[in-house]
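Letters go in sequence order (proteins before strands), and every chain restarts at 1. On a predicted model such as this, the values are computed, not experimentally measured, just so you know.
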There are 2 protein chains.
Amino acid sequence: MSVNRKKLIIEAATKSFSLFGYKATTMDQVAKIANVGKGTIYTFYANKEELFKEIVDNMIVEMEQEANDAINPELTFTENLHLTLYRLLEFRREHQLMIKLFQEEREIRTPAVLEIVEEIENAILSFIAQKIKIAIQKKYIKECDPELTAFLMLKMYITLIVDWERIRKPLNKEEIAELFDLYLFKGLSL
Amino acid sequence: MSVNRKKLIIEAATKSFSLFGYKATTMDQVAKIANVGKGTIYTFYANKEELFKEIVDNMIVEMEQEANDAINPELTFTENLHLTLYRLLEFRREHQLMIKLFQEEREIRTPAVLEIVEEIENAILSFIAQKIKIAIQKKYIKECDPELTAFLMLKMYITLIVDWERIRKPLNKEEIAELFDLYLFKGLSL
DNA sequence: CAATTGACCAAATGAACATTTCGGTCATTA
DNA sequence: TAATGACCGAAATGTTCATTTGGTCAATTG
(Lines give C-alpha, C1' and ligand atoms only; values in the text may rest on other atoms or scores of the structure.)
Protein backbone atom coordinates (compact mmCIF):
# COMPACT_ATOMS: atom_id res chain seq x y z
CA MET A 1 0.00 0.00 0.00
CA SER A 2 1.67 3.21 -1.19
CA VAL A 3 -0.52 5.76 0.59
CA ASN A 4 -3.26 5.50 3.22
CA ARG A 5 -6.26 5.99 0.95
CA LYS A 6 -8.79 5.97 3.78
CA LYS A 7 -6.96 8.83 5.45
CA LEU A 8 -6.88 10.74 2.18
CA ILE A 9 -10.62 10.27 1.81
CA ILE A 10 -11.35 11.41 5.36
CA GLU A 11 -9.24 14.51 4.91
CA ALA A 12 -10.83 15.34 1.57
CA ALA A 13 -14.34 14.75 2.88
CA THR A 14 -13.72 16.87 5.98
CA LYS A 15 -12.45 19.69 3.80
CA SER A 16 -15.38 19.48 1.40
CA PHE A 17 -18.15 19.09 4.00
CA SER A 18 -16.67 22.00 5.95
CA LEU A 19 -16.42 24.20 2.87
CA PHE A 20 -19.67 23.38 1.09
CA GLY A 21 -21.89 21.54 3.58
CA TYR A 22 -23.45 18.12 3.16
CA LYS A 23 -25.69 18.62 0.18
CA ALA A 24 -23.28 20.64 -1.92
CA THR A 25 -20.52 18.06 -1.43
CA THR A 26 -20.46 15.48 -4.23
CA MET A 27 -18.77 12.12 -4.05
CA ASP A 28 -16.96 12.98 -7.30
CA GLN A 29 -15.57 16.07 -5.60
CA VAL A 30 -14.36 14.13 -2.57
CA ALA A 31 -12.75 11.55 -4.86
CA LYS A 32 -11.03 14.27 -6.84
CA ILE A 33 -9.70 16.13 -3.77
CA ALA A 34 -8.49 12.84 -2.32
CA ASN A 35 -6.87 11.87 -5.62
CA VAL A 36 -8.75 8.61 -5.50
CA GLY A 37 -11.23 6.84 -7.74
CA LYS A 38 -14.84 7.33 -6.70
CA GLY A 39 -15.32 3.57 -6.31
CA THR A 40 -12.53 3.48 -3.71
CA ILE A 41 -14.63 5.55 -1.32
CA TYR A 42 -17.30 2.86 -1.49
CA THR A 43 -14.82 0.18 -0.36
CA PHE A 44 -14.56 2.05 2.96
CA TYR A 45 -18.03 3.55 3.35
CA ALA A 46 -21.35 2.07 2.23
CA ASN A 47 -22.75 5.46 1.21
CA LYS A 48 -22.42 9.22 1.48
CA GLU A 49 -24.23 9.35 4.82
CA GLU A 50 -21.83 6.87 6.43
CA LEU A 51 -18.85 8.86 5.27
CA PHE A 52 -20.51 11.97 6.69
CA LYS A 53 -21.15 10.24 9.99
CA GLU A 54 -17.49 9.25 10.27
CA ILE A 55 -16.41 12.87 9.77
CA VAL A 56 -18.94 14.20 12.29
CA ASP A 57 -18.11 11.56 14.88
CA ASN A 58 -14.48 12.61 14.65
CA MET A 59 -15.60 16.17 15.26
CA ILE A 60 -17.63 15.19 18.32
CA VAL A 61 -14.58 13.45 19.81
CA GLU A 62 -12.56 16.60 19.19
CA MET A 63 -15.28 18.66 20.84
CA GLU A 64 -15.22 16.54 23.97
CA GLN A 65 -11.46 16.85 24.22
CA GLU A 66 -11.79 20.60 23.72
CA ALA A 67 -14.40 20.78 26.49
CA ASN A 68 -12.40 18.64 28.90
CA ASP A 69 -9.34 20.79 28.31
CA ALA A 70 -11.37 23.83 29.35
CA ILE A 71 -11.92 22.46 32.83
CA ASN A 72 -9.65 23.82 35.53
CA PRO A 73 -9.91 21.89 38.83
CA GLU A 74 -8.92 24.96 40.83
CA LEU A 75 -12.03 26.89 39.80
CA THR A 76 -15.57 26.43 41.17
CA PHE A 77 -18.17 24.22 39.49
CA THR A 78 -20.08 27.23 38.18
CA GLU A 79 -16.98 28.79 36.68
CA ASN A 80 -15.94 25.53 35.08
CA LEU A 81 -19.40 24.91 33.68
CA HIS A 82 -19.35 28.29 32.11
CA LEU A 83 -15.87 27.86 30.68
CA THR A 84 -16.87 24.53 29.19
CA LEU A 85 -20.07 25.75 27.57
CA TYR A 86 -18.36 28.82 26.27
CA ARG A 87 -15.53 26.81 24.83
CA LEU A 88 -18.04 24.56 23.07
CA LEU A 89 -19.86 27.49 21.55
CA GLU A 90 -16.61 29.18 20.53
CA PHE A 91 -15.55 25.89 19.03
CA ARG A 92 -18.77 25.81 17.07
CA ARG A 93 -18.25 29.34 15.86
CA GLU A 94 -14.70 28.57 14.81
CA HIS A 95 -15.27 25.19 13.35
CA GLN A 96 -16.18 25.40 9.69
CA LEU A 97 -18.02 22.10 9.67
CA MET A 98 -20.15 23.00 12.65
CA ILE A 99 -21.14 26.33 11.12
CA LYS A 100 -22.03 24.80 7.77
CA LEU A 101 -24.07 22.12 9.51
CA PHE A 102 -26.11 24.48 11.66
CA GLN A 103 -26.67 26.71 8.63
CA GLU A 104 -27.79 23.77 6.54
CA GLU A 105 -30.04 22.59 9.34
CA ARG A 106 -32.13 25.76 9.39
CA GLU A 107 -31.93 26.73 5.73
CA ILE A 108 -31.92 23.62 3.59
CA ARG A 109 -33.23 21.00 6.03
CA THR A 110 -31.46 18.02 4.48
CA PRO A 111 -32.77 15.00 6.44
CA ALA A 112 -29.28 13.54 6.90
CA VAL A 113 -28.11 16.85 8.35
CA LEU A 114 -31.10 17.17 10.69
CA GLU A 115 -30.29 13.75 12.10
CA ILE A 116 -26.63 14.53 12.57
CA VAL A 117 -27.21 17.89 14.22
CA GLU A 118 -29.49 16.12 16.67
CA GLU A 119 -26.70 13.64 17.34
CA ILE A 120 -24.30 16.48 18.04
CA GLU A 121 -26.79 18.10 20.40
CA ASN A 122 -27.21 14.80 22.20
CA ALA A 123 -23.45 14.45 22.57
CA ILE A 124 -23.25 17.91 24.12
CA LEU A 125 -26.23 17.19 26.37
CA SER A 126 -24.94 13.92 27.76
CA PHE A 127 -21.59 15.54 28.35
CA ILE A 128 -23.18 18.32 30.41
CA ALA A 129 -25.55 15.91 32.18
CA GLN A 130 -22.54 13.85 33.23
CA LYS A 131 -20.90 16.86 34.85
CA ILE A 132 -24.16 17.85 36.54
CA LYS A 133 -24.57 14.39 38.07
CA ILE A 134 -21.14 14.69 39.62
CA ALA A 135 -21.92 18.18 40.89
CA ILE A 136 -25.08 16.90 42.58
CA GLN A 137 -23.22 13.98 44.15
CA LYS A 138 -20.54 16.30 45.49
CA LYS A 139 -23.27 18.63 46.79
CA TYR A 140 -22.09 21.54 44.67
CA ILE A 141 -25.64 22.18 43.49
CA LYS A 142 -29.22 21.29 44.45
CA GLU A 143 -30.90 17.99 43.65
CA CYS A 144 -32.40 18.10 40.12
CA ASP A 145 -32.99 16.08 36.96
CA PRO A 146 -29.56 16.13 35.30
CA GLU A 147 -30.87 15.63 31.78
CA LEU A 148 -33.53 18.27 31.99
CA THR A 149 -31.09 20.64 33.62
CA ALA A 150 -28.52 20.04 30.90
CA PHE A 151 -31.19 20.61 28.28
CA LEU A 152 -32.28 23.84 29.89
CA MET A 153 -28.72 25.03 30.29
CA LEU A 154 -27.86 24.46 26.66
CA LYS A 155 -31.03 26.14 25.45
CA MET A 156 -30.48 29.05 27.80
CA TYR A 157 -26.94 29.44 26.64
CA ILE A 158 -27.94 29.36 23.01
CA THR A 159 -30.69 31.85 23.78
CA LEU A 160 -28.22 34.24 25.40
CA ILE A 161 -25.61 33.93 22.69
CA VAL A 162 -27.48 33.36 19.44
CA ASP A 163 -31.11 34.42 19.82
CA TRP A 164 -30.65 37.56 21.88
CA GLU A 165 -27.98 38.75 19.44
CA ARG A 166 -30.61 38.78 16.72
CA ILE A 167 -32.79 41.37 18.39
CA ARG A 168 -30.41 43.34 20.62
CA LYS A 169 -26.68 44.01 20.77
CA PRO A 170 -24.62 40.87 21.46
CA LEU A 171 -23.44 40.10 24.96
CA ASN A 172 -19.76 39.57 25.69
CA LYS A 173 -18.17 36.65 27.48
CA GLU A 174 -18.27 38.26 30.91
CA GLU A 175 -21.87 39.47 30.62
CA ILE A 176 -23.02 36.01 29.61
CA ALA A 177 -21.13 34.45 32.50
CA GLU A 178 -22.75 36.89 34.90
CA LEU A 179 -26.28 36.41 33.53
CA PHE A 180 -25.96 32.65 33.46
CA ASP A 181 -24.89 32.76 37.06
CA LEU A 182 -27.67 35.16 38.08
CA TYR A 183 -30.54 33.38 36.41
CA LEU A 184 -29.65 29.72 36.83
CA PHE A 185 -27.58 29.59 40.01
CA LYS A 186 -28.42 32.50 42.27
CA GLY A 187 -32.05 32.86 41.12
CA LEU A 188 -34.17 35.99 40.86
CA SER A 189 -35.92 35.83 44.21
CA LEU A 190 -34.68 38.04 47.03
CA MET B 1 -76.38 51.16 5.38
CA SER B 2 -78.28 47.89 5.78
CA VAL B 3 -75.55 45.75 7.41
CA ASN B 4 -72.12 46.54 8.84
CA ARG B 5 -70.01 45.34 5.93
CA LYS B 6 -66.70 45.96 7.68
CA LYS B 7 -67.75 43.72 10.52
CA LEU B 8 -68.84 41.05 8.05
CA ILE B 9 -65.44 41.25 6.37
CA ILE B 10 -63.55 41.02 9.67
CA GLU B 11 -65.57 38.00 10.74
CA ALA B 12 -65.12 36.29 7.39
CA ALA B 13 -61.39 37.01 7.29
CA THR B 14 -60.88 35.80 10.86
CA LYS B 15 -62.67 32.58 10.01
CA SER B 16 -60.70 32.02 6.83
CA PHE B 17 -57.25 32.93 8.20
CA SER B 18 -57.89 30.70 11.20
CA LEU B 19 -59.03 27.81 9.08
CA PHE B 20 -56.62 27.97 6.16
CA GLY B 21 -53.78 30.30 7.20
CA TYR B 22 -52.58 33.41 5.45
CA LYS B 23 -51.42 32.08 2.13
CA ALA B 24 -54.32 29.71 1.53
CA THR B 25 -56.87 32.44 2.22
CA THR B 26 -57.94 34.21 -0.97
CA MET B 27 -59.59 37.58 -1.15
CA ASP B 28 -62.34 36.02 -3.30
CA GLN B 29 -62.97 33.53 -0.51
CA VAL B 30 -63.19 36.24 2.14
CA ALA B 31 -65.56 38.22 -0.08
CA LYS B 32 -67.70 35.16 -0.64
CA ILE B 33 -67.89 34.21 3.05
CA ALA B 34 -68.72 37.82 3.94
CA ASN B 35 -71.36 37.98 1.20
CA VAL B 36 -69.68 41.09 -0.12
CA GLY B 37 -68.12 42.17 -3.42
CA LYS B 38 -64.33 41.76 -3.48
CA GLY B 39 -63.90 45.46 -4.24
CA THR B 40 -65.68 46.35 -0.99
CA ILE B 41 -62.83 44.83 1.01
CA TYR B 42 -60.46 47.25 -0.70
CA THR B 43 -62.53 50.24 0.44
CA PHE B 44 -61.65 49.29 4.03
CA TYR B 45 -58.16 47.77 3.62
CA ALA B 46 -55.45 48.74 1.14
CA ASN B 47 -54.35 45.14 0.61
CA LYS B 48 -54.41 41.61 1.94
CA GLU B 49 -51.62 42.26 4.42
CA GLU B 50 -53.46 45.17 6.03
CA LEU B 51 -56.55 43.09 6.47
CA PHE B 52 -54.41 40.38 8.01
CA LYS B 53 -52.77 42.84 10.38
CA GLU B 54 -56.18 44.03 11.57
CA ILE B 55 -57.20 40.46 12.39
CA VAL B 56 -53.94 39.70 14.18
CA ASP B 57 -53.97 42.95 16.13
CA ASN B 58 -57.44 42.05 17.37
CA MET B 59 -56.04 38.72 18.48
CA ILE B 60 -53.17 40.36 20.36
CA VAL B 61 -55.62 42.56 22.24
CA GLU B 62 -57.63 39.47 23.16
CA MET B 63 -54.44 37.78 24.33
CA GLU B 64 -53.57 40.66 26.63
CA GLN B 65 -57.03 40.62 28.13
CA GLU B 66 -56.72 36.87 28.58
CA ALA B 67 -53.37 37.31 30.32
CA ASN B 68 -54.58 40.11 32.55
CA ASP B 69 -57.58 38.05 33.56
CA ALA B 70 -55.22 35.31 34.69
CA ILE B 71 -53.64 37.57 37.30
CA ASN B 72 -54.90 37.08 40.85
CA PRO B 73 -53.72 39.83 43.25
CA GLU B 74 -53.91 37.47 46.19
CA LEU B 75 -51.19 35.20 44.83
CA THR B 76 -47.43 35.86 44.86
CA PHE B 77 -45.60 37.41 41.93
CA THR B 78 -44.06 34.09 40.96
CA GLU B 79 -47.39 32.30 40.98
CA ASN B 80 -49.01 35.03 38.96
CA LEU B 81 -46.19 35.08 36.45
CA HIS B 82 -46.59 31.41 35.97
CA LEU B 83 -50.36 31.59 35.62
CA THR B 84 -50.00 34.33 33.03
CA LEU B 85 -47.42 32.55 30.91
CA TYR B 86 -49.34 29.33 31.09
CA ARG B 87 -52.54 31.01 30.08
CA LEU B 88 -50.78 32.57 27.09
CA LEU B 89 -49.40 29.26 25.95
CA GLU B 90 -52.73 27.54 26.43
CA PHE B 91 -54.31 30.35 24.51
CA ARG B 92 -51.88 29.74 21.69
CA ARG B 93 -52.63 26.05 21.68
CA GLU B 94 -56.36 26.65 21.63
CA HIS B 95 -56.51 29.51 19.25
CA GLN B 96 -56.89 28.34 15.66
CA LEU B 97 -55.32 31.46 14.18
CA MET B 98 -52.30 31.24 16.42
CA ILE B 99 -51.72 27.61 15.54
CA LYS B 100 -52.08 28.20 11.81
CA LEU B 101 -49.69 31.13 12.01
CA PHE B 102 -46.98 29.31 13.90
CA GLN B 103 -47.34 26.38 11.50
CA GLU B 104 -47.10 28.64 8.50
CA GLU B 105 -44.09 30.38 10.02
CA ARG B 106 -41.96 27.25 10.12
CA GLU B 107 -43.35 25.38 7.13
CA ILE B 108 -44.22 27.85 4.42
CA ARG B 109 -42.27 30.90 5.58
CA THR B 110 -44.58 33.45 4.00
CA PRO B 111 -42.79 36.78 4.58
CA ALA B 112 -45.98 38.49 5.77
CA VAL B 113 -46.46 35.73 8.34
CA LEU B 114 -42.84 35.84 9.54
CA GLU B 115 -43.28 39.55 10.24
CA ILE B 116 -46.54 39.08 12.07
CA VAL B 117 -45.30 36.23 14.25
CA GLU B 118 -42.41 38.46 15.27
CA GLU B 119 -44.93 41.15 16.16
CA ILE B 120 -46.86 38.70 18.32
CA GLU B 121 -43.67 37.64 20.11
CA ASN B 122 -42.82 41.27 20.73
CA ALA B 123 -46.27 41.89 22.15
CA ILE B 124 -45.83 39.00 24.58
CA LEU B 125 -42.32 40.14 25.49
CA SER B 126 -43.25 43.74 26.25
CA PHE B 127 -46.18 42.50 28.30
CA ILE B 128 -43.91 40.33 30.44
CA ALA B 129 -41.22 43.02 30.63
CA GLN B 130 -43.85 45.43 31.94
CA LYS B 131 -44.77 43.07 34.76
CA ILE B 132 -41.11 42.44 35.58
CA LYS B 133 -40.40 46.18 35.86
CA ILE B 134 -43.17 46.48 38.43
CA ALA B 135 -41.87 43.45 40.33
CA ILE B 136 -38.41 45.01 40.52
CA GLN B 137 -39.82 48.34 41.69
CA LYS B 138 -41.83 46.62 44.37
CA LYS B 139 -38.75 44.61 45.39
CA TYR B 140 -40.41 41.30 44.65
CA ILE B 141 -37.35 40.20 42.67
CA LYS B 142 -33.70 41.16 42.18
CA GLU B 143 -32.51 44.02 40.00
CA CYS B 144 -32.17 42.84 36.37
CA ASP B 145 -32.68 43.87 32.74
CA PRO B 146 -36.47 43.51 32.29
CA GLU B 147 -36.33 42.93 28.54
CA LEU B 148 -33.60 40.34 28.67
CA THR B 149 -35.32 38.64 31.58
CA ALA B 150 -38.63 38.57 29.72
CA PHE B 151 -36.87 37.15 26.68
CA LEU B 152 -35.19 34.47 28.73
CA MET B 153 -38.40 33.59 30.54
CA LEU B 154 -40.37 33.16 27.33
CA LYS B 155 -37.63 31.06 25.74
CA MET B 156 -37.31 28.97 28.89
CA TYR B 157 -41.02 28.43 29.02
CA ILE B 158 -41.19 27.40 25.40
CA THR B 159 -38.21 25.13 25.99
CA LEU B 160 -39.94 23.42 28.90
CA ILE B 161 -43.27 23.04 27.15
CA VAL B 162 -42.52 22.57 23.46
CA ASP B 163 -38.89 21.52 23.01
CA TRP B 164 -38.57 19.12 25.92
CA GLU B 165 -41.80 17.43 24.87
CA ARG B 166 -40.15 16.49 21.59
CA ILE B 167 -37.43 14.39 23.19
CA ARG B 168 -38.93 13.25 26.50
CA LYS B 169 -42.36 12.81 27.99
CA PRO B 170 -44.25 16.10 28.32
CA LEU B 171 -44.36 17.92 31.64
CA ASN B 172 -47.65 18.82 33.27
CA LYS B 173 -48.74 22.21 34.54
CA GLU B 174 -47.51 21.65 38.08
CA GLU B 175 -44.13 20.24 37.07
CA ILE B 176 -43.51 23.18 34.82
CA ALA B 177 -44.45 25.62 37.56
CA GLU B 178 -42.09 23.87 39.96
CA LEU B 179 -39.19 23.76 37.48
CA PHE B 180 -39.66 27.35 36.47
CA ASP B 181 -39.56 28.32 40.10
CA LEU B 182 -36.52 26.16 40.87
CA TYR B 183 -34.37 27.27 37.96
CA LEU B 184 -35.26 30.92 37.54
CA PHE B 185 -36.25 32.04 41.03
CA LYS B 186 -34.62 29.87 43.66
CA GLY B 187 -31.52 29.00 41.63
CA LEU B 188 -29.43 25.84 41.65
CA SER B 189 -26.74 26.90 44.11
CA LEU B 190 -26.96 25.64 47.66
C1' DC C 1 -73.85 60.69 -5.88
C1' DA C 2 -71.77 57.67 -2.74
C1' DA C 3 -71.34 52.99 -2.02
C1' DT C 4 -70.90 48.59 -4.01
C1' DT C 5 -69.80 45.30 -7.32
C1' DG C 6 -67.51 41.77 -10.27
C1' DA C 7 -65.26 41.52 -14.87
C1' DC C 8 -60.76 42.33 -15.99
C1' DC C 9 -55.51 42.56 -15.87
C1' DA C 10 -50.81 41.57 -14.67
C1' DA C 11 -48.12 39.00 -11.70
C1' DA C 12 -47.52 34.94 -8.98
C1' DT C 13 -48.08 30.08 -8.77
C1' DG C 14 -47.70 25.42 -9.81
C1' DA C 15 -48.36 21.32 -12.98
C1' DA C 16 -46.11 18.90 -16.66
C1' DC C 17 -42.35 17.94 -19.09
C1' DA C 18 -37.28 18.15 -20.37
C1' DT C 19 -32.69 18.24 -18.78
C1' DT C 20 -28.96 17.75 -15.64
C1' DT C 21 -26.77 16.13 -11.62
C1' DC C 22 -25.15 12.80 -8.60
C1' DG C 23 -25.04 8.62 -5.56
C1' DG C 24 -23.97 4.14 -6.21
C1' DT C 25 -22.52 -0.19 -9.24
C1' DC C 26 -19.55 -3.12 -11.71
C1' DA C 27 -16.82 -4.61 -15.68
C1' DT C 28 -12.21 -3.53 -16.67
C1' DT C 29 -7.49 -2.53 -15.44
C1' DA C 30 -3.01 -2.49 -13.25
C1' DT D 1 -6.72 -8.25 -5.42
C1' DA D 2 -7.29 -3.46 -4.97
C1' DA D 3 -8.53 0.41 -7.50
C1' DT D 4 -10.82 2.79 -10.99
C1' DG D 5 -14.07 5.65 -13.76
C1' DA D 6 -17.66 4.93 -17.39
C1' DC D 7 -22.22 4.04 -16.82
C1' DC D 8 -27.12 3.78 -14.89
C1' DG D 9 -31.33 5.23 -12.80
C1' DA D 10 -33.39 8.15 -9.53
C1' DA D 11 -33.80 12.54 -7.87
C1' DA D 12 -32.99 17.34 -8.27
C1' DT D 13 -33.28 21.24 -11.21
C1' DG D 14 -34.73 24.10 -15.01
C1' DT D 15 -38.41 25.48 -18.39
C1' DT D 16 -42.79 26.23 -20.28
C1' DC D 17 -47.36 27.29 -20.07
C1' DA D 18 -52.06 27.21 -18.15
C1' DT D 19 -54.34 28.54 -13.96
C1' DT D 20 -54.93 31.24 -9.94
C1' DT D 21 -55.16 35.35 -7.36
C1' DG D 22 -54.22 40.15 -5.55
C1' DG D 23 -55.67 44.39 -6.85
C1' DT D 24 -58.19 48.02 -10.18
C1' DC D 25 -61.90 50.45 -12.12
C1' DA D 26 -65.85 51.27 -15.13
C1' DA D 27 -70.51 50.05 -14.61
C1' DT D 28 -74.36 49.58 -11.49
C1' DT D 29 -77.35 50.25 -7.64
C1' DG D 30 -80.07 52.34 -4.10
What integer distance in Å separates A:Gln29:CD from C:dT21:P?
-> 14 Å

Measure the distance from OH on B:Tyr45 to P on D:dT24 and round it to the nearest whole Å.
-> 17 Å

Euclidean distance, atom CD of residue B:Glu50 to atom P of D:dG23 [Å, nearest integer] = 10 Å

Protein-nucleotide distance (A:Asn35, atom CG; D:dA3, atom P), rounded to Å | 14 Å

Does atom NZ of B:Lys15 have more than 12 heavy-atom neighbours, drawn from other residues, nucleotides or ligands, at distances under 6.0 Å?
-> no

When rounded to whole Å, the CZ to C1' distance for the pair A:Phe52 and C:dG23 reads 16 Å

Would you find more than 12 non-hydrogen atoms of other residues, nucleotides or ligands less than 6.0 Å from A:Tyr140 atom OH?
-> no

Which of these passes side chain to side chain contact (heavy atoms under 4.5 Å, CB included) with A:Leu51: A:Phe17, A:Tyr42, A:Phe44?
-> A:Phe17

B:Glu178 CD: over 12 foreign heavy atoms closer than 6.0 Å = no

Indicate whether the side chain of B:Glu11 and that of B:Thr14 have a donor and an acceptor atom separated by less than 3.5 Å.
-> no

Close N/O contacts between protein and nucleotides 20-22 of chain D (under 3.5 Å):
{"unit_1": "D:dG22", "atom_1": "OP1", "unit_2": "B:Thr25", "atom_2": "O", "d": "3.3"}
{"unit_1": "D:dG22", "atom_1": "OP1", "unit_2": "B:Lys48", "atom_2": "NZ", "d": "3.2"}
{"unit_1": "D:dG22", "atom_1": "OP2", "unit_2": "B:Met27", "atom_2": "N", "d": "2.7"}
{"unit_1": "D:dG22", "atom_1": "N7", "unit_2": "B:Lys38", "atom_2": "NZ", "d": "3.3"}

Provide, to the nearest angstrom, the distance between the NZ atom belonging to A:Lys32 and the C1' atom belonging to D:dT4.
-> 15 Å

According to a strict under-4.0 Å criterion, is B:Thr40 in side-chain N/O contact with OP1 or OP2 of C:dT5?
-> yes

Verify the contact: side-chain N or O of A:Arg5 to OP1 or OP2 of D:dA3, cut-off strictly under 4.0 Å; return yes or no.
-> yes

CD/A:Glu104 to NZ/A:Lys23 distance, rounded to the nearest 0.5 angstrom?
-> 8.0 Å

